[in-house]
*Asks:* 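Submitted below is the structure of interest, expressed as structure tokens.
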Amino acid sequence: QVHLVESGGGSVQAGGSLRLSCVASGDGTGTYCMGWFRQAPGKERETVATIYTNYYTRYADSVKGRFTISRDNAKNSLYLQMNSLKPEDSAMYYCAAVSATRPGCISFSPSGFTYWGQGTPVTISS
């Protein structure tokens, strides 16, 4: 069982930056594939970025070059540095995890992830 708590959301103007954090609790969190996801009102939840246990990263095309996902296993923490923010980045952002032994780690789909945080809101004004 993994418990996830996100923080760092807020409201900024377009072009600004935010850094999201997610703290994981539970045994063996370093063995989990982790990711950031977002859901805007009226839209489906989408994958933003994922990071494997070997620190390999994947990004949605919409955020490539602007967002950076990272993890610090010693701190059981996951981060998302978001730069050059756009109004369309506005959403509730969620941290999620899945055991690296499960196929969900490869799917790059929200449905492949097992454990979820409560989310942190991000609002970008134009």
Side-chain angles (χ1 to χ4, degrees):
Q1 188 75 15
V2 177
H3 183 61
L4 303 169
V5 179
E6 305 96 334
S7 63
S11 298
V12 298
Q13 290 189 328
S17 298
L18 282 173
R19 187 186 192 222
L20 306 184
S21 298
C22 172
V23 177
S25 60
D27 294 333
T29 53
T31 64
Y32 283 75
C33 174
M34 301 190 74
W36 287 100
F37 303 80
R38 66 187 182 187
Q39 187 167 18
K43 294 187 177 182
E44 293 186 355
R45 190 169 298 188
E46 63 177 356
T47 306
V48 175
T50 59
I51 185 165
Y52 290 61
T53 54
N54 62 359
Y55 299 93
Y56 174 74
T57 57
R58 295 176 67 184
Y59 295 91
D61 288 343
S62 59
V63 306
K64 282 180 181 177
R66 300 188 299 122
F67 291 11
T68 302
I69 188 172
S70 61
R71 67 191 296 167
D72 184 338
N73 290 339
K75 296 182 178 180
N76 290 333
S77 293
L78 178 72
Y79 307 100
L80 185 68
Q81 178 65 44
M82 305 187 294
N83 298 327
S84 302
L85 284 161
K86 305 175 181 179
E88 52 264 43
D89 294 319
S90 297
M92 185 69 78
Y93 281 71
Y94 298 90
C95 167
V98 62
S99 172
T101 63
R102 299 186 63 82
C105 197
I106 300 175
S107 70
F108 203 68
S109 168
S111 63
F113 284 72
T114 308
Y115 304 104
W116 291 84
Q118 294 299 306
T120 186
V122 171
T123 303
I124 311 303
S125 58
S126 57

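Along the sequence shown, the residues carry numbers beginning at 1.
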*Asks:* Can you hop from Val122 to Val63 via hydrophobic side chains spaced under 4.5 Å?
*Replies:*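 Result: yes, single cluster for both.
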*Asks:* Sort and list the pairs that fulfil salt bridge (Lys or Arg N to Asp or Glu O under 4.0 Å) and have at least one residue in residues 50-61, not counting sequence neighbours.
*Replies:*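 Qualifying pairs, neighbours excluded: Asp61-Lys64.
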*Asks:* According to side-chain hydrogen bond (donor to acceptor under 3.5 Å, both in side chains), does anything in residues 9-21 pair up with another residue at least two apart or in another chain? List the pairs.
*Replies:*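 Qualifying pairs, neighbours excluded: Ser17-Asn83.
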*Asks:* Give every donor-acceptor pair under 3.5 Å between a side-chain atom in residues 67-78 and any protein atom, sequence neighbours left out.
*Replies:*
from, atom 1, to, atom 2, distance (Å)
Arg71, NE, Asn73, OD1, 2.9
Arg71, NH1, Tyr32, O, 2.9
Arg71, NH1, Ile51, O, 3.4
Arg71, NH1, Tyr52, O, 3.2
Arg71, NH2, Thr29, O, 3.4
Arg71, NH2, Tyr32, O, 2.8
Arg71, NH2, Asn73, OD1, 3.4
Asp72, OD1, Ala74, N, 3.1
Asp72, OD1, Lys75, N, 3.4
Asn73, ND2, Tyr55, OH, 3.2
Asn76, OD1, Thr29, OG1, 2.6
Ser77, OG, Lys75, O, 2.9

*Asks:* Working to the nearest 0.5 Å, report the span between CG of Leu18 and OG1 of Thr120.
*Replies:*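 OG1 of Thr120 is found 9.0 Å from CG of Leu18.
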*Asks:* Under a single-linkage definition using a 4.5 Å side-chain heavy-atom cutoff for Ile, Leu, Val, Met, Phe, Trp and Tyr, are Leu85 and Val48 assigned to the same hydrophobic cluster?
*Replies:*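 Cluster IDs for Leu85 and Val48 match.
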*Asks:* Which residues satisfy the side-chain hydrogen bond (donor to acceptor under 3.5 Å, both in side chains) test with Thr31, sequence neighbours excluded?
*Replies:*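 Listed in chain order: nothing, the list is empty.
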*Asks:* Is there a continuous path of hydrophobic side-chain contacts, each under 4.5 Å between heavy atoms, that joins Ile124 to Met92?
*Replies:*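 Per the 4.5 Å side-chain linkage, Ile124 and Met92 are not co-clustered.
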*Asks:* Evaluate Leu20 against Glu6 for side-chain contact (heavy atoms from CB on, under 4.5 Å), listing each step before the verdict.
*Replies:* CA-CA 7 Å; Leu20 306 184; Glu6 305 96 334; over 6 Å; no
*Asks:* Stepwise, does the side-chain contact (heavy atoms from CB on, under 4.5 Å) test hold for Met34 with Leu4?
*Replies:* CA-CA 10 Å; Met34 301 190 74; Leu4 303 169; 3.9 Å; yes
*Asks:* Could you go through residues 105-118 and list every donor-acceptor pair under 3.5 Å that involves a side-chain atom there, pairing it with any protein atom two or more places apart or in another chain?
*Replies:*
from, atom 1, to, atom 2, distance (Å)
Ser107, OG, Gly104, O, 2.9
Ser107, OG, Ser109, N, 3.2
Ser109, OG, Ser111, N, 3.3
Ser109, OG, Ser111, OG, 2.9
Trp116, NE1, Phe113, O, 3.2

*Asks:* For a quick test of your reading: what N or O donor-acceptor pairs under 3.5 Å do the side chains of residues 35-42 make, sequence neighbours left out?
*Replies:*
from, atom 1, to, atom 2, distance (Å)
Trp36, NE1, Tyr79, O, 3.1
Arg38, NE, Glu46, OE2, 2.6
Arg38, NH1, Asp89, OD1, 2.9
Arg38, NH1, Tyr93, OH, 2.9
Arg38, NH2, Glu46, OE2, 3.2
Arg38, NH2, Ser62, OG, 3.4
Gln39, OE1, Arg45, NE, 3.3
Gln39, OE1, Arg45, NH2, 3.4
Gln39, NE2, Lys43, O, 3.1

*Asks:* So Thr50 and Thr57, side-chain contact (heavy atoms from CB on, under 4.5 Å) or not? Walk me through it.
*Replies:* CA-CA 6 Å; Thr50 59; Thr57 57; over 6 Å; no
